[in-house]
Each structure stands twice: as C-alpha cells, then as structure tokens.
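Inspection log for the structure reproduced underneath, given as structure tokens.
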Amino acid sequence: MRLIVSFAAGGLFGLGLLLSGMTDTQKVQGWLDVFGQWDPTLAFVMGGAILPMVLAWRLTRGRAPLTGGTFPIAPQQDLDGRLIFGSTLFGMGWGLAGLCPGPAMAALSYGGFGGVIFMVAMIAGMITAAPVIVRLDRTAANT
Amino acid sequence: MEADWIWGLIGGGLIGTGGAIYLLGNGRIMGASGILGGLVDGSGRSTAAERIAFITGVVLVPFALWMIMGEAPKTHLTSDISVIIAAGLLVGLGTRIANGCTSGHGVCGISRLSLRGLFATLIYIFAGGVTVTLFRHIWGLI
C-alpha cells in the first residue's frame with residue numbers, strides 16, 4: 001500500500017511538472033530573469049501546488065497517515081547557516097541551468113544527453129554533501 | 001503565452017495533489033531532493049523501496065505522456081556541458097545542505113506556514129535571480 005501511494009504521488013508530481021512547464025528550463029530561467037523577459041508562470045505553479053497542500057496539512061490534525069505511523073513533526077524553526085548556505089548554492093545552480101531536482105527527474109526520459117549529465121552531476125553533489133554537512137554541523141556546534 | 005499561467009495552475013494543482021497524497025497516505029513530506037538524496041547517500045536505506053516507487057512514478061508518467069503525444073516535450077536545456085555539470089553539482093550540494101528544494105521547502109514548507117520553508121524559498125529565488133542576471137545579462141554566458 002505504501003508503495004502504491006508513493007508511486008501515485010510520484011506520478012502526479014511528474015505529470016504536474018510536465019504540464020506546468022517546469023521541466024522547460026526556459027520557463028524557470030524566465031521566472032528568475034527579472035531584467036529580461038520575465039515569465040510569471042512559476043508563481044502560478046507554486047500557488048496551484050500550495051493550495052491542496054494547505055488543505056492536506058489541515059487534514060493531518062488529530063489523524064494518522066492512511067498506512068499507519070505518524071505525521072512528521074515540524075522541525076525547529078531556526079534560520080541557521082546551513083539553510084542559508086545550502087539555499088544559496090541551490091539557487092545558483094537552479095539559475096545556471098533552470099533545473100531543480102523534481103523536474104530533473106521528470107525530464108529524465110525526454111531531457112536528452114544534457115539531462116542525464118545534469119542528473120549524474122546532481123547525484124555526485126548529493127553524495128559530496130554528506131561529509132560537508134558533518135563538517136558544517138561540527139563548526140556550528142563549536143561556536 | 002496567454003495559456004501558460006492556466007497550465008501552470010493545473011500542473012501546480014497536480015503537484016500539490018501528489019504532495020497531499022504522499023502526506024496523508026504515507027505521512028511523508030514530498031521533497032524531491034530528500035527522496036532522491038536519501039537513496040544515493042544511504043541515509044534513507046530503510047525506506048528505499050518507497051523512494052524508488054516515488055521516483056519511478058516521477059519518471060514513468062511523463063515518459064508515458066510523451067509516448068502518447070508522440071513528441072518529446074521541450075526542455076531548452078543548455079548544450080554547454082560545463083554549465084550543466086556546475087549547475088548539477090550546486091543543486092545536489094545545496095539542496096542536501098539546506099535540507100530541501102523547490103518541492104520540499106517551497107510547496108510543502110510554505111503550505112505548512114514554515115518559516116524555514118519560506119526563508120529558504122526566498123533565498124534560492126534571490127540567488128537564482130542574481131545568477132541569471134550576472135551570467136545572462138552581464139557576462140553573457142547562459
């Protein structure tokens with residue numbers, strides 16, 4: 001059951017990314033290009049995605065997930081160095097190529113050779129991040 | 001161009017519905033970088049099957065749609081391999097360090113009124129905007 005839920009959620013996610021145009025790097029870079037031909041599409045995608053999620057968070061109250069277990073508790077709301085540093089790096093990469101992890105996966109079948117290269121580089125970055133995070137956390141704990 | 005925002009809204013709605021199903025069904029936050037990242041760095045080994053099922057859905061449904069439509073959707077990804085590699089590395093590193101990307105922090109975080117989610121979203125949009133401005137309009141590299 002958990003696998004079916006995961007597959008269905010992933011499928012809707014992939015379909016939404018494709019239909020919204022978010023696997024088209026031109027649309028994403030167009031959103032970030034405020035001094036060029038600005039494209040507001042991403043704002044509509046975000047808005048359209050946040051709406052069902054607001055409802056979903058509301059429905060979690062006093063309930064348990066369908067397949068058992070518990071709902072994730074909200075993390076500490078610290079705006080720490082890791083959040084700032086990581087989001088900055090991510091934003092730079094996102095701006096450079098116009099791809100973030102979701103669309104990179106969704107476009108894997110039709111993104112061509114470049115899309116595969118991006119995916120490989122992204123996975124390499126994710127693996128590299130593990131020791132970097134250990135280091136950052138140690139530094140943060142010492143200060 | 002006029003229809004783009006409508007498709008954005010429809011696609012966004014499907015993305016959010018996927019996130020809602022994942023949350024209410026499995027009690028998990030739909031963050032693309034977290035789901036993939038936990039798989040590749042070994043931190044999510046105990047939930048590997050669910051992660052693979054999710055990613056299979058993400059890849060397979062657009063592929064099926066492409067087969068039905070008979071024409072590959074446009075991606076406009078640059079052909080400059082060095083830009084692609086640099087971008088991929090930054091995205092991989094950054095999303096793991098920040099514990100989330102557009103889907104996790106943006107969609108699932110903001111909808112929960114998470115300060116961290118909102119803050120991360122503002123930072124990566126700002127960093128992306130500065131990057132596009134510098135590399136496109138000042139240096140002419142992308």
Side-chain angles (χ1 to χ4, degrees), chain A residues 2-3 5-7 9-16 18-20 24-26 32-33 41 44-45 48-50 52-54 56-57 65-66 69 71 77 79 83 86-97 100-102 105-106 108-111 114 117-118 121-123 125-126 129-130, chain B residues 4-5 8-9 11-23 25-27 32-33 37 40-41 50 53-54 57-59 61-63 66 72 74-77 84-85 87-98 101-103 107 111-112 115 119-120 123-124 127-129 131-132:
Chain A
R2 291 188 73 88
L3 296 183
V5 170
S6 296
F7 180 78
L12 279 172
F13 183 53
L15 182 66
L18 173 65
L19 293 183
S20 63
D24 182 353
T25 59
Q26 205 171 55
L32 297 169
D33 194 3
T41 309
F44 289 97
V45 182
I50 286 172
M53 279 307 296
V54 170
W57 282 118
L66 203 72
F71 284 116
Q77 291 299 311
L79 307 178
L83 189 78
S87 296
T88 305
L89 293 185
F90 165 43
M92 288 165 63
W94 193 40
L96 268 183
C100 54
M105 292 195 277
L108 210 53
S109 61
Y110 59 86
I117 296 288
F118 181 89
M122 183 171 84
I123 289 173
M126 284 176 163
Chain B
D4 282 8
W5 68 271
L9 213 56
L14 292 172
I15 293 168
T17 308
I21 288 175
Y22 203 49
L23 179 69
N26 285 357
S33 60
V40 297
D41 70 13
E50 283 174 46
F54 180 88
V58 178
V59 179
V61 171
F63 176 68
W66 166 29
K74 291 184 176 67
T75 56
H76 293 113
L77 182 63
I84 295 176
I85 293 175
L89 284 172
L90 283 167
V91 168
L93 256 175
T95 50
R96 291 306 275 161
I97 292 172
C101 56
T102 334
S103 48
V107 175
S111 61
R112 191 188 209 179
L115 198 60
F119 201 62
I123 294 174
Y124 62 67
T131 304
V132 169

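Keep in mind the model is a prediction, meaning the values are calculated, not measured. All heavy atoms count here, side chains included; hydrogens, waters and symmetry mates do not. Reminder, nothing fancy here: chain letters follow the sequence lines and each chain counts from 1.
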Show your working on side-chain contact (heavy atoms from CB on, under 4.5 Å) between B:Thr102 and A:Phe90 and close with a plain yes or no. CA-CA 10 Å; B:Thr102 334; A:Phe90 165 43; 3.5 Å; yes
Evaluate the criterion side-chain contact (heavy atoms from CB on, under 4.5 Å) for residue pair B:Leu23 and A:Met53; output intermediate values, then yes/no. CA-CA 9 Å; B:Leu23 179 69; A:Met53 279 307 296; 4.2 Å; yes
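Contact annotation for A:Leu18: only side-chain heavy atoms (C-beta onward) come within less than 4.5 Å of a heavy atom of chain B. Looking at B:Val58, the atoms closer than 4.5 Å to chain A (heavy atoms on both sides) sit in the backbone and in the side chain alike. For a residue to count as touching a neighbouring chain, one of its non-hydrogen atoms must lie under 4.5 Å from one of that chain's; by this rule B:Ser33 touches chain A with backbone and side chain alike. If you measure heavy-atom distances from B:Ser111 to chain A, the contacts under 4.5 Å come from both the backbone and the side chain.
No other option in B:Ile21, B:Leu14, B:Asp41 has as many heavy-atom pairs under 4.5 Å with chain A as B:Leu14. Ranked by heavy-atom pairs under 4.5 Å with chain B, the list A:Leu108, A:Leu83, A:Ile50, A:Ile117 is led by A:Leu83. Counting heavy-atom pairs closer than 4.5 Å to chain B, the top-ranked of the candidates A:Trp57, A:Phe13, A:Phe118, A:Tyr110 is A:Trp57. Of the listed residues A:Gly114, A:Gly102, A:Ala130, the one with more heavy-atom pairs under 4.5 angstrom with chain B than any other is A:Gly114. Taking chain B as the reference chain and counting heavy-atom pairs below 4.5 Å, the highest number among A:Ala129, A:Gly95, A:Ala49 is found for A:Ala49. Ranked by heavy-atom pairs under 4.5 Å with chain B, the list A:Gly14, A:Ser109, A:Ala56, A:Ala97 is led by A:Ser109. Across B:Ala120, B:Gly19, B:Ser103, the residue that shares the most heavy-atom pairs under 4.5 angstrom with chain A is B:Ala120. Ranked by heavy-atom pairs under 4.5 Å with chain A, the list B:Ala53, B:Gly13, B:Ala32 is led by B:Ala53. Interface remark: of the candidates B:Gly18, B:Gly88, B:Ala20, B:Gly88 forms the most heavy-atom pairs closer than 4.5 Å to chain A.
Taking each heavy atom of A:Asp24 and B:Thr75 in turn, the nearest pair found is OD1-O, 3.3 Å. The shortest non-hydrogen separation linking B:Tyr22 to A:Ser6 is CE1-OG, 3.6 Å. Pairing each heavy atom of A:Met92 with each of B:Leu90, the nearest pair is CB-CD1, 4.1 Å. For A:Ser20 against B:Gly11, the heavy-atom pair with the smallest separation is CB-CA, 3.8 Å.
The shortest distance between side-chain heavy atoms of B:Glu50 and A:Leu3 falls below 4.5 Å. Counting heavy atoms from C-beta on, the side chains of B:Thr95 and A:Met126 come closer than 4.5 Å.
The backbone N or O of B:Leu115 lies less than 3.5 Å from a partner atom in the side chain of A:Gln77, making a donor-acceptor pair. When atom types are taken as modelled, the side chain of A:Arg2 and the backbone of B:Asn26 share a donor-acceptor pair closer than 3.5 angstrom. Within the 3.5 Å criterion, the main-chain N or O of A:Leu96 finds no donor-acceptor partner in the side chain of B:Thr131.
Using a 30° and 60° split on the angle between ring planes, A:Trp94 and B:Tyr124 fall in the perpendicular class, above 60°. Ring geometry, B:Trp5 versus A:Phe44: the interplanar angle falls from 30° to 60°, so the pair is classed tilted.
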